[in-house]
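See below for the structure under consideration.
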Amino acid sequence: MEIKVKGKKYAFNEQINGFVLAKTIDAALAKEAIGFKIKDKIYDMGEMILKDCEVEFIVPTSKEAFSILNHSTSHLMAESIMSLFPNAKLGFGPSIEEGYYYDVDFGDYKLKEEDLAKIEKEMMKFSKNGEKFIRKIVSKQEALEIFAADPYKIELINGLDTNEPISTYTQGNFVDLCFGTHVPSTSYIKHFKLLNLAGAYWRGDVKNKQLTRIYGVSFFTLEDLENHLKMLEERKLRDHKKLGKELGLFMLSDYGPGFPFFLPNGTILKNELTSWWLKYHIAHDYMVIQTPIMLSKELWITSGHWSHYKENMYTSKVDKKEFAIKPMNCPGSILVYKNDLHSYKDLPLRYAELGLVHRNEASGALNGLFRVRSFTQDDAHTFIRKDQLVSEIRHLIKLYDDIYSTFGLNYHIELSTRPENSIGDIEVRNESERILKEACKKSKHDFIINPGDGAFYGPKLDFKLKDSMNRIWQCGTIQLDMNLPVRFDLSYIDENGQKVRPIMIHRAVLGSVERFIGIITEHFGGAFPTWLAPVQISVLPVNNQYHLDYAKKLVKDLLKHGFRVKLDEANEKLGFRLRNSQINKIP
RNA sequence: GCCGUCUUAGCUCAAUUGGCAGAGCAAUUGAUUUGUAAUCAAUAGGUUGUUGGUUCGAUUCCGAUAGACGGCACCA
């Protein structure tokens, strides 16, 4: 048998496993390697190599190493939990982007924050024991017997395809149902930390029991772990909720949970942002409109919101008739479109609106400015002819690039394609999906496809930005709509004098102005670019007795030139006032 | 909405086993007139989120409730 590693060939008379191969090459490699790869498939070091192939070893610096280590750490944690809480039942325990978690049912026991330290200690113990991770393929019947005590594992086993081999991993006295792969032994797991507790529904379904999820993270070196923990601390310092308070941007009150108040500084920021947005859109052939906050129930019945979105709408009575506060701006825009007769020559018609919408979000979903119950969408609704689809999408992608690059934001795009229950012209839909896909490919940004995840009324592109905690938030969106034009019987007159249905595009770039402010607050760490900074210049007279008059004149001049200036005439030393300006992040 | 944690002065935080609620910053007043990242001092500031209970006595223990935070679910 001939095995190729890093371009070199090694010959063997019999089948060998990863350990033997690594040892043949280099003793240090055998100690360091945690797995190997053949044609993108990852194996444990103990796996046999069956035939001629090319092997790549996975070492701590390999990109796959982190998730293998963290997955193994979740097993180590599960072992420790079962040792401390023998009655616990285990759910899922995967590795994730920033570590791993394990979902556990502790029965009647309520796991406390302090218990995490106990579990960590137990993990250390098992780590020192250096228990080998042993993979074993079992039959379904065997698996059901091994995990008889754990209803969650039983449910998983019963759900597995009978043709697929069922693999288990054993370390010490602990055995878990798992596809793998794992590090060779628990002694590889030394530098880890249990981070937090959370509740999570079994299999992500509200109808199921909620298990206790424990998040943790694991590294190959103490230094990496410490750096990661330090980074987590630094992220918290950039949290827009903290900066928003410190810089006087916004506040939240118990009198209106989820309804943010913009403070003087935040209002300047918001106004600067939106007036820039308006200028940009006017320059790009958008007509700016404003539609009412509240409209009658009939409109929402026609739009379909009443049946699909009622739970999230705030309602009230006007003249004994039921009204709803708008959760979206589209019906308003549509009424504007319908207010006139349109010629095919007039299209595309682009209506832009900074629309204040209200949605009754679940209380547990609220989060600073990221998830609120009242927010401003930087919305636009464009009505086009079929033949204008390509150029309109191109126009939009360019616009998104322009706007995001102004802030230097990183993002990725997600394309959601046609679901089963889609409506409208399939050809138009396929064509538009193709156009969207092409546009995504051309853009310099990462994009992924969510097959079948589009709305029933049309495909959509979502623009996702990351916050300082690495959480992903949807900001921009482009949605093609083949539904509302039908529901509202929209039309334009074509060159033959016939009524033709236009295609409608919903789009928002910032998404929610509030969320976007949250994102850029964290992105800039509160130190906004000068054009957005609430206070741009602070004037500090060295000595009030001699310099105050001149400072006042300077402030007046700067104000005249349109700068946002503050005079700091506090009776304090220069150093104190400089420090104040720095803390307030005045450019 | 669900699981968990938290809520003390405007802000950031203390307060042994239940025994007079405390500090720094900010504020106010006074002194200092300052040349590059916190000048000194004094004063004021509180029904400990709200509410019910246990107790001679509750910031502390128990219950209810509101809100925030970390997740989950949700985000047609």
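Quantities reported herein were computed from a predicted structural model and do not represent experimental measurements. Letters A, B, ... mirror the listed sequences (proteins, then strands); counts begin at 1.
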Would A:Arg213 and A:Tyr101 count as a cation-pi pair here, with the cationic atom under 6.0 angstrom from the ring centre and within 45° of the axis?
yes
Under 4.0 Å between any heavy atoms, over every strand shown, what does A:Glu572 touch: base, sugar-phosphate, or nothing? Just pick one.
base
Taking the six-membered ring of A:Tyr411 as reference, does the NZ or CZ atom of A:Lys464 fall below 6.0 Å from its centre and within a 45° cone about the axis?
no
Length of the line joining A:Arg359:CZ and B:C75:P, which is rounded to integer Å:
11 Å
Could you check how far CD of A:Glu569 sits from P of B:U33, rounded to whole Å?
18 Å
Could you please name the partner base of B:U47, counting Watson-Crick and G-U wobble pairs only when both distances are under 3.5 Å?
none
Charged N to carboxylate O below 4.0 Å: is that the case for A:Glu433 and A:Arg418?
no
Identify whether any heavy atom of A:Tyr101 sits under 4.0 Å from a base atom; if not, whether one sits that close to sugar-phosphate; answer base, sugar-phosphate or nothing.
nothing
Less than 4.0 angstrom from a charged side-chain N to a carboxylate O is my criterion; do A:Asp239 and A:Lys241 meet it?
yes
Between B:C75 and A:Glu361, counting only base atoms on the nucleotide and side-chain atoms on the residue, is there a donor-acceptor pair under 3.5 Å?
no
Looking at A:Arg235 and A:Glu98, is there a salt bridge between them, counting it only when a charged N and a carboxylate O are closer than 4.0 Å?
yes
Between the base of B:G1 and the side chain of A:Tyr201, is there a donor and acceptor pair under 3.5 angstrom?
yes
B:A27 and B:U59, which share atom name P, separated by this distance in whole Å
31 Å
For the side chain of A:Glu353 and the backbone of A:Thr291, is there at least one donor-acceptor N/O pair under 3.5 Å apart?
yes
Check whether the side chain of A:Arg371 and the base of B:C74 form a donor-acceptor pair under 3.5 Å.
yes
Whole-Å distance separating the CG atom of A:Leu578 from the C1' atom of B:U39
15 Å
Let me have a per-nucleotide readout for nucleotides 64-70 of chain B, 5' to 3', with B, S or -, counting only protein heavy atoms under 4.0 Å.
---SSSB
Could you identify the nucleotide paired to B:A42, looking across every strand shown and requiring Watson-Crick or G-U wobble geometry with both distances under 3.5 Å?
B:U28
Between C1' of B:C3 and NZ of A:Lys110, the distance in whole Å:
9 Å
May I ask you to say what A:Met328 touches in the nucleic acid, namely base, sugar-phosphate or nothing, with a heavy-atom cut-off under 4.0 Å?
base
Pick base, sugar-phosphate or nothing for A:Ala455, based on heavy-atom distances below 4.0 Å to the nucleic acid.
nothing
Could you tell me whether A:Val542 contacts a base, only the sugar-phosphate backbone, or nothing, with contacts defined as non-hydrogen atoms closer than 4.0 Å?
base
Distance, rounded to the nearest Å, where A:Arg577 contributes CZ and B:G35 contributes P:
10 Å
Integer angstrom distance from the C1' of B:U16 to that of B:U12:
23 Å
Whole-Å distance separating the NZ atom of A:Lys207 from the P atom of B:C74:
10 Å
Between A:Leu574 (CG) and B:A37 (C1'), how many Å, whole number?
9 Å
Taking NZ from A:Lys209 and C1' from B:C72, how many angstroms apart are they, rounded to a whole number?
15 Å
